[in-house]
2 protein chains.
Amino acid sequence: MKRYIFVRQLIRDRGVRLTAQRELVLRRALAHLHFTAEQLVEDVRRVDPSVARASVYRALALLHELGVVEKHDFHYGAPNYEVTEGKAHHDHLMCTQCGEIIEFQEPRVERLQAEIVKRYGYQLLSHTHKLYGLCPACQRTQKPHSAKPPALHVTEMVS
Amino acid sequence: MKRYIFVRQLIRDRGVRLTAQRELVLRRALAHLHFTAEQLVEDVRRVDPSVARASVYRALALLHELGVVEKHDFHYGAPNYEVTEGKAHHDHLMCTQCGEIIEFQEPRVERLQAEIVKRYGYQLLSHTHKLYGLCPACQRTQKPHSAKPPALHVTEMVS
DNA sequence: GAACTGTTTGAGACTGAGTCTCAATGTACG
DNA sequence: CGTACATTGAGACTCAGTCTCAAACAGTTC
């Protein structure tokens with residue numbers, strides 16, 4: 001895949017070694033696109049149990065620095081990592097009951113962000129924008145207070 | 001203070017007991033407005049060392065349920081709690097270098113959020129919207145890669 | 001290909017933030 | 001007062017992530 005080759009190059013350009021462990025972590029991350037750090041650890045170790053937890057975390061941090069993955073904290077269970085390299089920028093809408101996540105794009109919000117930041121003289125580096133609510137299905141089957149972390153499952157961007 | 005009396009009433013209306021511990025946690029939280037959970041633990045225990053860590057966390061969770069405090073994770077150090085009861089809704093702009101936080105309001109973003117949510121048939125419950133960047137001062141004294149969590153200090157909403 | 005040098009690794013101890021357990025204590029109310 | 005339930009303190013525990021450090025690895029120079 002193109003993306004794999006591209007990221008390998010990014011790693012080399014970074015001036016760090018492209019080791020077998022880093023490659024494996026990269027391959028497993030790209031295979032999932034959405035995962036928690038511990039899921040990735042498990043997945044990598046399923047392929048090669050000799051890879052240490054710390055190495056997966058280190059490689060993940062590297063991918064994060066390179067802008068290949070982003071970290072999302074939805075406040076429901078462990079933070080979620082997402083491979084964003086090569087994807088258009090998007091934000092998230094999450095159902096607090098069933099955990100469904102919808103990725104959406106909204107250029108008008110981005111424009112307002114630029115304006116806000118300018119108002120305070122800031123230079124914008126990044127942002128997070130998350131909407132929480134009830135999906136149509138959960139609105140119908142609504143329980144007054146379920147409150148327990150739902151399993152996350154992501155619906156890829158529709159627009 | 002009005003706010004204190006109001007929240008006490010909220011707690012009672014909740015059907016739970018208004019114990020000395022809960023009152024103390026409430027008073028210390030209202031005294032700070034912005035704090036991490038561990039700061040609050042320390043502060044409460046400075047007043048009364050017999051209060052357990054767990055009790056502070058339990059009271060904080062209660063205040064959160066009541067909508068009195070909100071939890072913010074800025075990805076720089078520990079999550080930050082904010083007393084939002086009685087305050088107009090606002091979002092945050094943070095300097096990733098010095099940790100300054102500016103609270104801003106932007107009704108036009110809220111309108112767009114309503115629109116987005118409608119598009120997917122969701123019922124909006126809450127949102128987080130955080131902008132990260134460099135404040136004017138840090139743009140001038142910019143280091144290529146400081147990367148270490150700055151101390152947080154909040155500038156109250158200007159608008 | 002040996003020696004040197006800096007990088008990366010695995011293993012596991014450690015940390016920080018928060019949660020859980022459970023016996024003891026407190027409190028509302030019949 | 002007595003019962004029943006809510007709340008608490010103390011500390012063990014969990015979970016996600018970080019740190020340490022000796023060993024292994026990879027370039028580079030000879």
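Chain letters run A, B, ... following the sequence lines, proteins first and then strands; every chain starts at 1. Excluded from the calculations below are hydrogen atoms, water molecules and symmetry mates; all remaining heavy atoms, backbone and side chain alike, are included.
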| request: Residues of residues 50-57 of chain A with any non-hydrogen atom less than 4.0 angstrom from an atom of DNA chain D: list those, numerically ordered, please. | output: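 Those residues are A/Arg53, A/Ala54, A/Tyr57.
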| request: Strictly below 4.0 Å, heavy-atom distances to any atom of DNA chain D: list the hits from residues 16-31 of chain A, or just say none. | output: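 The stretch gives A/Arg17 as the residues lying under 4.0 Å from the strand, ordered by number.
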Quick check: does any side chain N or O of [X] sit under 3.5 Å from a backbone N or O of [Y], one acting as donor and the other as acceptor?
X       : Y       : answer
B/Arg53 : B/Val41 : no
A/Arg8  : A/Leu18 : no
A/His34 : A/Glu82 : no
B/Gln21 : B/Ala59 : no

Find the distance [X]:[atom1] to [N]:[atom2] and express it as a whole number of Å.
X       : N      : atom1 : atom2 : value
B/Glu38 : C/dG16 : CD    : P     : 10 Å
A/Glu42 : D/dG17 : CD    : P     : 13 Å
A/Asp73 : C/dA17 : CG    : P     : 15 Å
B/Leu60 : C/dA17 : CG    : C1'   : 12 Å
A/Gln39 : D/dC15 : CD    : C1'   : 14 Å
B/Arg45 : D/dG9  : CZ    : C1'   : 9 Å
B/Lys71 : C/dA17 : NZ    : P     : 11 Å
A/Leu40 : D/dA16 : CG    : P     : 13 Å

| said: Are A/His89 and A/His127 an aromatic pair, judged by ring center distance below 6.0 Å? | reply: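 Here the rings of A/His89 and A/His127 have centres that are less than 6.0 Å from each other.
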Reported [atom1]-to-[atom2] distance for the pair [X] and [Y], which is rounded to 0.5 angstrom:
X        : Y       : atom1 : atom2 : result
A/Glu70  : A/Lys87 : CD    : NZ    : 9.5 Å
A/Leu10  : A/Ile5  : CG    : CD1   : 12.5 Å
A/Leu125 : B/Cys95 : CG    : SG    : 8.0 Å

| Taking every non-hydrogen atom, the tightest pair across A/His129 and A/Asp91 |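 It is O-CB, 3.3 Å.
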| said: If you go through the side-chain atoms of B/Arg58, does one of them form a donor-acceptor pair with the base of D/dG9 closer than 3.5 Å? | reply: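 Indeed, a donor on one side and an acceptor on the other fall under 3.5 Å apart.
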